[in-house]
Protein chains: 2
Amino acid sequence: MPTHPQKPLIIKTGVQFTTKVRLLVKLPEVDYQLKVKTTFDNFENTLGASFSLLRSRQFFILTNNTKVMDIEDYSNGCLSVEFRHLQLKEKKYTNGTKGNEAVFVLLGSSCFCSPMLHNVFLQTCSLPLVVISNVSQLPGGWASVMWYNLLTDEPRNLGFFGNPTRASWSQLSEMLSWQFSTFAGRGLNKEQLDMLGEKLLGQLVSCGDYQVSWSKFAKENIPGKPFSFWMWLDSILELIKKHLLPVWNENYIMGFVSKEMERALLKDREPGTFLLRFSESHLGGITFTWVEHSDSGDVKFNSVEPYTKNRLSALPFADIIRDYKVISNGGVPENPLKFLYPDIPKDEAFGRLYNSQPSKGKMLTSDPIALSLSDSSRSEASTTPRSCPSPEPPMTPGEFDMLSEHLCFDIDTVSFLF
Amino acid sequence: MPTHPQKPLIIKTGVQFTTKVRLLVKLPEVDYQLKVKTTFDNFENTLGASFSLLRSRQFFILTNNTKVMDIEDYSNGCLSVEFRHLQLKEKKYTNGTKGNEAVFVLLGSSCFCSPMLHNVFLQTCSLPLVVISNVSQLPGGWASVMWYNLLTDEPRNLGFFGNPTRASWSQLSEMLSWQFSTFAGRGLNKEQLDMLGEKLLGQLVSCGDYQVSWSKFAKENIPGKPFSFWMWLDSILELIKKHLLPVWNENYIMGFVSKEMERALLKDREPGTFLLRFSESHLGGITFTWVEHSDSGDVKFNSVEPYTKNRLSALPFADIIRDYKVISNGGVPENPLKFLYPDIPKDEAFGRLYNSQPSKGKMLTSDPIALSLSDSSRSEASTTPRSCPSPEPPMTPGEFDMLSEHLCFDIDTVSFLF
DNA sequence: ACAGTTTCCCGTAAATGC
DNA sequence: TGCATTTACGGGAAACTG
């Protein structure tokens with residue numbers, strides 16, 4: 001199990017993780033033990049080649065990394081060893097090049113069989129994974145995992161990020177929707193994806209499918225903003241996961257709407273109609289915009305400053321909507337939010353989601369009154385037996401091949417689907 | 001320097017600290033080096049005794065703990081070595097007894113002199129200190145440091161907490177006031193201390209001086225509350241440090257007033273007169289109570305639920321006072337807080353302390369409206385030379401004694417005054 | 001079982017490295 | 001010098017351990 005249970009294949013240095021090595025074939029009942037060692041593969045090329053180059057960044061396993069595969073460790077019909085409390089640390093004396101956080105590396109494992117299988121060397125490896133040193137790198141690391149799995153079928157394409165291939169918008173948008181359905185319980189509809197596509201690619205999306213670069217997706221900042229497209233999207237995903245889950249799952253958050261579209265949708269609606277959208281200017285923010293008619297009959301739009309995780313952890317979003325008040329010139333506070341777009345009465349939509357006491361009767365506002373008018377794994381077995389001269393070969397070549405092909409190394413029991 | 005710069009003599013395991021060993025005498029210019037080693041003293045009795053017992057809890061220094069005292073390290077006219085990045089860890093294989101967090105222990109240091117002073121052994125030690133494993137133990141640890149320093153002049157009374165002596169209320173109250181003046185910039189006045197004394201001791205305080213036990217001060221819970229007296233007081237100190245410093249320093253927080261006293265003070269005052277007091281039921285909370293007259297002419301007292309660090313970090317306290325509104329039956333919100341007790345107009349008192357925009361004109365309340373009607377070193381040198389048979393004594397006995405008496409060990413440059 | 005302690009690790013801030 | 005990355009550690013919560 002990697003450090004973040006929800007995000008496999010990402011390991012943070014200094015934080016414990018778990019891995020399991022399995023022998024996929026049922027062996028004849030012989031009385032021997034397998035000594036298994038888990039190591040971090042610091043070499044550039046594939047396993048089993050006759051020579052290798054050390055990578056520019058190297059890691060090692062700090063903790064106990066050898067275990068004996070016990071006959072009693074049968075689980076699901078195969079021999080396995082689980083390594084717990086493994087911890088990764090970077091080697092500090094490597095040549096100066098500090099790579100980016102998207103470096104893909106391999107966790108390898110080797111088996112020595114004794115006494116009967118003595119001198120037979122077996123090796124397997126995990127899927128490529130990302131090493132980070134701080135949770136602040138988790139979004140970037142996850143972007144790498146997604147991009148890799150979207151564009152490579154090879155289980156061990158370690159040079160992938162040297163020249164990452166592009167993704168078509170149809171591929172990418174499907175994956176983005178998948179992220180929302182996996183982590184937030186509800187995916188993205190066509191309108192939401194269209195807005196995202198336009199944000200990422202401009203009007204190009206509408207003119208057929210388009211190729212998106214890795215850089216545009218996760219490295220370059222959105223023009224005029226201090227964050228990349230994925231950083232922005234991930235901040236919203238996190239906001240939903242932590243503070244908006246029920247509202248999101250009820251499909252009450254339109255979320256991804258441009259301000260132009262927002263106005264177009266609201267302008268012909270009943271006064272007091274509102275919709276919820278994510279902030280495009282700040283990371284992890286959600287606002288509401290409502291329509292009203294001024295005395296002269298003009299249509300007016302009002303928005304509130306985005307609510308971020310800090311404000312939402314003080315009061316759940318549904319309660320904010322219920323308790324939101326505008327103090328009109330008459331001095332009487334009133335809630336301007338009447339209908340969730342297109343025309344659902346507010347309490348009908350949010351009623352079940354209210355948490356704390358509603359405000360009524362004599363009330364004390366113990367909180368500020370602000371002036372604000374505008375919105376400012378798939379499991380993969382890979383083995384590479386090395387032929388070593390064995391003085392007394394304990395198995396036939398056929399038996400050996402079979403054994404080699406069924407030694408499996410999972411970094412997590414959770415499968416990883418893309 | 002210990003882990004918490006403001007609270008010396010408390011070291012948290014796994015967190016870096018700094019210490020300095022100084023040779024207080026100016027040595028004749030000889031060409032030798034002193035190798036100094038810092039260790040954690042895990043023995044029961046004083047330095048230099050012929051035998052010792054291991055303590056039930058033992059710690060050791062994880063990191064590099066030897067350094068050579070260089071001739072060039074002269075600072076303030078004496079030889080010194082500074083140890084940085086020291087880290088403490090508990091020995092895990094000791095006998096089962098887990099002691100409490102108030103264990104006092106010693107950091108020791110020994111010097112080997114070579115080549116001229118070869119075979120001469122010198123040793124010094126720090127003041128007693130407290131080891132904790134989590135910042136949640138900091139208040140308890142600090143209570144120990146205070147109690148020790150209040151009641152012992154001995155620099156190394158390690159058995160003190162086996163049977164801690166009592167403190168007189170006059171001693172203790174002086175120290176409590178000192179804590180507030182040190183950490184919050186303003187001490188406690190007689191009325192505040194009287195309230196604290198009564199809380200701790202009942203009416204006994206008024207009948208002359210009284211002895212307070214260590215247990216009553218920091219171990220036993222306040223009757224009916226899930227926290228001790230010091231836990232409660234420290235939570236308030238922390239609240240002031242983080243969120244109330246300017247208001248506290250302007251002396252606008254009466255703070256320590258019983259509810260009875262509060263009512264007695266307010267009842268004859270102008271309606272809208274209010275005062276600020278700390279919550280006695282919750283840790284780290286502050287409320288305000290104001291007086292008003294009901295239609296029938298009765299005096300009424302209203303309080304708000306205590307503000308805690310979470311709410312105060314959303315909006316500073318002065319702004320809360322400015323923006324606080326009661327929505328009367330007429331529906332018009334109004335601020336009931338008019339005069340800070342005894343009769344200071346609110347804005348006159350808090351005007352300078354307001355931070356954000358005041359609320360006026362058309363206002364949006366983006367925050368909840370709650371229904372709430374009631375308050376529901378000194379530097380110490382200690383050396384114990386051991387006489388070792390030296391084949392070629394490089395110094396006269398007099399010189400040696402002088403050297404021994406002037407080897408000093410500070411755990412911090414910050415002096416510690418009680 | 002429970003209560004006092006410790007461990008774990010996120011998330012912010014500061015330090016470091018290139 | 002500035003940005004990318006790591007380290008430091010407070011703080012909340014889970015895990016531990018007698």
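Worth knowing before you read on, the calculation uses all heavy atoms, side chains too, and leaves out hydrogens, waters and symmetry mates. Please read these numbers as outputs of a predicted model, since none were measured by experiment.
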Only counting residues at least two apart or in another chain, list the ones meeting side-chain hydrogen bond (donor to acceptor under 3.5 Å, both in side chains) with [X].
| X | answer |
| --- | --- |
| B:N249 | none |
| A:E280 | A:K199, A:R277 |
| A:T308 | none |

Which nucleotide in the set [options] lies at the smallest distance from any side-chain heavy atom of [X]?
| X | options | value |
| --- | --- | --- |
| A:K92 | C:dC8, D:dT7, D:dG11 | D:dT7 |
| B:S133 | D:dT7, C:dC9, C:dT7 | C:dT7 |
| A:R57 | C:dG11, C:dT5, D:dT5 | D:dT5 |

- Query: Starting at the 5' end of DNA chain C, what dot-bracket string do you get if Watson-Crick and G-U pairs under 3.5 Å are bracketed, crossing pairs use [ ], other-strand pairs use | and unpaired bases use dots?
  - Reply: ..||||||||||||||||
- Message: Using the rule given for side-chain contact (heavy atoms from CB on, under 4.5 Å), can you reason through A:V145 versus A:L129, listing the C-alpha separation, both sets of side-chain angles and the distance that settles it, and then say yes or no?
- Response: CA-CA 7 Å; A:V145 170; A:L129 42 85; over 6 Å; no
Pick out the pairs of N or O atoms, protein on one side and nucleotides 12-14 of chain C on the other, that lie under 3.5 Å.
| from | atom 1 | to | atom 2 | distance (Å) |
| --- | --- | --- | --- | --- |
| C:dT12 | O4 | A:N134 | ND2 | 2.8 |

- Just say parallel, tilted or perpendicular for the rings of A:W142 and A:F183, cut-offs at 30° and 60°. perpendicular
Value in whole Å for how far the [atom2] atom of [N] lies from [atom1] of [X]:
| X | N | atom1 | atom2 | result |
| --- | --- | --- | --- | --- |
| A:L88 | C:dC8 | CG | P | 16 Å |
| A:L86 | C:dC9 | CG | P | 12 Å |
| A:D234 | C:dG11 | CG | P | 11 Å |
| B:Q137 | D:dC16 | CD | C1' | 14 Å |
| A:I132 | D:dT7 | CD1 | P | 13 Å |
| A:L62 | C:dC8 | CG | C1' | 15 Å |
| A:Q87 | C:dC8 | CD | C1' | 10 Å |
| A:K241 | C:dC10 | NZ | C1' | 13 Å |

- In B:K241, B:H243, B:K242, the residue satisfying side chain to side chain contact (heavy atoms under 4.5 Å, CB included) with B:L239 is B:H243
- Any side-chain N or O of B:K12 under 4.0 Å from OP1/OP2 of C:dT5? no
- Whichever of A:H85 and B:G14 has the more 5' nearest nucleotide on DNA chain D, that residue is B:G14
- Residues B:Q179, B:M146; criterion side-chain contact (heavy atoms from CB on, under 4.5 Å); working and verdict: CA-CA 9 Å; B:Q179 292 298 305; B:M146 288 190 300; 3.3 Å; yes
Throw together a table of side-chain donor-acceptor distances under 3.5 angstrom for residues 224-231 of chain B, partners on residues two or more places apart or in other chains.
| from | atom 1 | to | atom 2 | distance (Å) |
| --- | --- | --- | --- | --- |
| B:S228 | OG | B:A218 | O | 3.3 |
| B:S228 | OG | B:M231 | N | 3.3 |
| B:W230 | NE1 | B:P139 | O | 2.9 |

- Message: Walk me through whether B:I132 and B:T13 qualify under side-chain contact (heavy atoms from CB on, under 4.5 Å).
- Response: CA-CA 6 Å; B:I132 62 177; B:T13 53; over 6 Å; no
